[in-house]
Amino acid sequence: MAKFVLAGRADCPYYAKAELLADYLQKNLPNFRIHKITLHPDKWEEWLADLCINNKWKHKRSPIIWRELLDRGSKGLLLGGYNDFMEHAQEYYNVTSAMMSEVMKDIAVENMQTYLQFKEEEENIRQQFNPLHIWITGASMPACYNLIPMLASGKVFDNKTDIWLHLLDHSQSQQILQGLKMEAEDLAYPCLRKVTLHAISDDAFLEADFVIVLNDVLAKGDQCAEDDICKIKELWAQYATLIDQNARKEVKVIVSGSAYANLIALVIIKTAQSINPHNIVALPTQLEFEARAQIAKKLSINSSVIKDVIVWGNISATNHLDLQLAKLYKYESSIWGPSSFSRPLLPMIYDRKWLKNDLVTEWKKRSEHRRGLSAAHSIATALSYWQQNSEAGEIVSLGVLSEGKTKG
């Protein structure tokens, strides 16, 4: 499928002509898709300069057209301006445009009027709705790609709650985020009211209700180099300061990832001191789900019937799997009961050698095969529990600030 992005000034006649040609191609070619970005003339030059710097392109006029690579693994392929787009349409699709100059100018005037009217309506709508502001850091990581549909579907929060997604990552990832934004908008979920892209700046985390920290960089063993720890502390102290300054005071922060999760959560707690420390947690839920899946495989059951598995320790380093309170529901055996009936897990596993040695070994290896889907599911589950409460009596593992007490 050919997916193109057309961007230009709202008052540009050549943008108007390219827009009509692109609409014609999309209407008549099943594998042609166009995403349009219309900007106010006062903002065009700055926006174009930033776009070209981030993608190492050279282009100075309106419009600009590029092809979005569907694998989302690298920057888009620059096609050029209006003339380049016309040549491409003629060469590949045998389609051209014969629009007269006067018509182009009239359409450009109409485009500008429509743009201003749209912005006015957008501002009115913005003032009328009060969405949940959800900020996702490291948004170019695979977990974010899987997480967005879960958040936007209405299953994590209730389906009457509007959400505004803020995707934040370093400036080199903005092109990837642009592709992700377009796909999120294509989902057409009614709960997803807006998606905006951000690099780190003074207004990051503005009005945040939730901050989701994604960090998929694998640690090298249980011990981290001292310089790596210093870099992590410095970066997240900067982020935490912005969260402290800009987020709502009841903001909830979830730190997920394969490395430094406990450390990042601790830095945020220590730096963002106006935020309730109980609202800042590290997330071992993925480890919990992975352990449940391994046990379910051994018992030939579905992992959803295994409850109250506990993970202690450092999420991304030394940790301990605790099955002392784990239970099985709906387990077929000589003793049977209603759906609320449970049995202790440990007596159901007769292979003690596997339980003592192989389970932990296999559990640790599962982290090598993560591709973002299970992490996204873990985050969505934790958010759902936080918003709508977990089942009565169910135990859920979270990384929280220690108060010097041992709790069961």
Side-chain angles (χ1 to χ4, degrees), residues 1-115 118 140 145 167 171-188 195-197:
M1 178 179 289
K3 191 168 187 177
F4 290 85
V5 181
L6 168 64
R9 294 194 338 258
D11 64 346
C12 174
Y14 293 99
Y15 175 72
K17 190 170 183 178
E19 182 182 23
L20 289 179
L21 177 58
D23 288 342
Y24 176 85
L25 293 173
Q26 180 168 256
K27 182 178 179 180
N28 291 277
L29 299 175
N31 292 322
F32 185 96
R33 292 291 180 270
I34 187 72
H35 177 76
K36 290 176 281 189
I37 303 174
T38 308
L39 291 116
H40 193 281
D42 294 342
K43 298 181 179 180
W44 166 252
E45 290 187 4
E46 182 181 357
W47 182 89
L48 179 63
D50 290 340
L51 177 72
C52 291
I53 290 172
N54 290 335
N55 293 282
K56 299 180 180 179
W57 293 339
K58 291 183 178 180
H59 192 85
K60 296 183 178 180
R61 297 180 180 178
S62 171
I64 181 173
I65 303 101
W66 71 89
R67 182 167 181 173
E68 189 69 28
L69 301 183
L70 295 184
D71 61 6
R72 300 171 54 259
S74 61
K75 66 180 183 180
L77 180 64
L78 178 65
L79 185 61
Y82 163 74
N83 290 332
D84 302 294
F85 185 47
M86 293 288 289
E87 292 175 6
H88 181 86
Q90 175 68 39
E91 180 178 353
Y92 285 91
Y93 309 117
N94 196 27
V95 175
T96 187
S97 174
M99 186 188 296
M100 301 298 292
S101 298
E102 290 302 318
V103 178
M104 289 169 53
K105 292 178 181 178
D106 290 342
I107 293 177
V109 172
E110 292 179 3
N111 278 350
M112 187 64 190
Q113 293 173 346
T114 302
Y115 173 82
F118 172 78
S140 64
Y145 188 78
L167 307 181
S171 57
Q172 293 86 346
S173 298
Q174 292 303 302
Q175 188 61 41
I176 296 175
L177 296 189
Q178 184 64 51
L180 184 58
K181 177 179 182 289
M182 287 190 293
E183 292 196 57
E185 292 169 343
D186 291 344
L187 294 173
V195 182
T196 50
L197 309 182

So do [Y] and [X] actually touch side chain to side chain, heavy atoms under 4.5 Å?
X	Y	result
Asp50	Glu46	yes
Ile65	Asp84	no
Arg61	Tyr82	no
Glu68	His35	no
Ile64	Trp44	yes
Leu180	Leu167	yes
Gln175	Trp66	yes
Gln178	Ile37	yes

Gap between atom [atom2] of [Y] and atom [atom1] of [X] - 0.5 Å precision:
X	Y	atom1	atom2	result
Leu79	Leu6	CG	CG	10.5 Å
Asn31	Gln26	CG	CD	11.5 Å
Ser171	Leu177	OG	CG	10.5 Å
Asn55	Gln172	CG	CD	11.0 Å

[X] to [Y] - nearest heavy-atom pair and separation:
X	Y	answer
Ala184	Val195	CB-CG2, 4.2 Å
Asn111	Ala16	ND2-CB, 3.6 Å
Ala22	Ile34	CB-CG1, 3.8 Å
Pro63	Ala18	CG-CB, 4.3 Å
His59	Cys52	O-SG, 3.7 Å

Which residues share a salt bridge (charged side-chain N to carboxylate O under 4.0 Å, His left out) with [X], sequence neighbours left out:
X	value
Asp186	Lys3
Glu185	Lys181
Lys36	Glu19, Asp23

> Quick one: ring-ring contact (aromatic ring centres under 6.0 Å, His included) partners of Phe4, sequence neighbours excluded?
Replying inline: Phe32, His88
>> List the residues meeting ring-ring contact (aromatic ring centres under 6.0 Å, His included) with Phe85, not counting sequence neighbours, and say none if there are none.
In response: none
>> Listing request: all side chain to side chain donor-acceptor pair (under 3.5 Å) pairs with a residue in residues 4-14, at least two apart in sequence or in separate chains.
In response: Arg9-Asp11
>> Here's a test for you: under side-chain contact (heavy atoms from CB on, under 4.5 Å), which of Leu29, Asn28, Leu25 qualifies with Val95?
In response: Leu25
>> Tell me if the OH atom of Tyr24 is crowded by more than 12 foreign heavy atoms within 6.0 Å.
In response: no
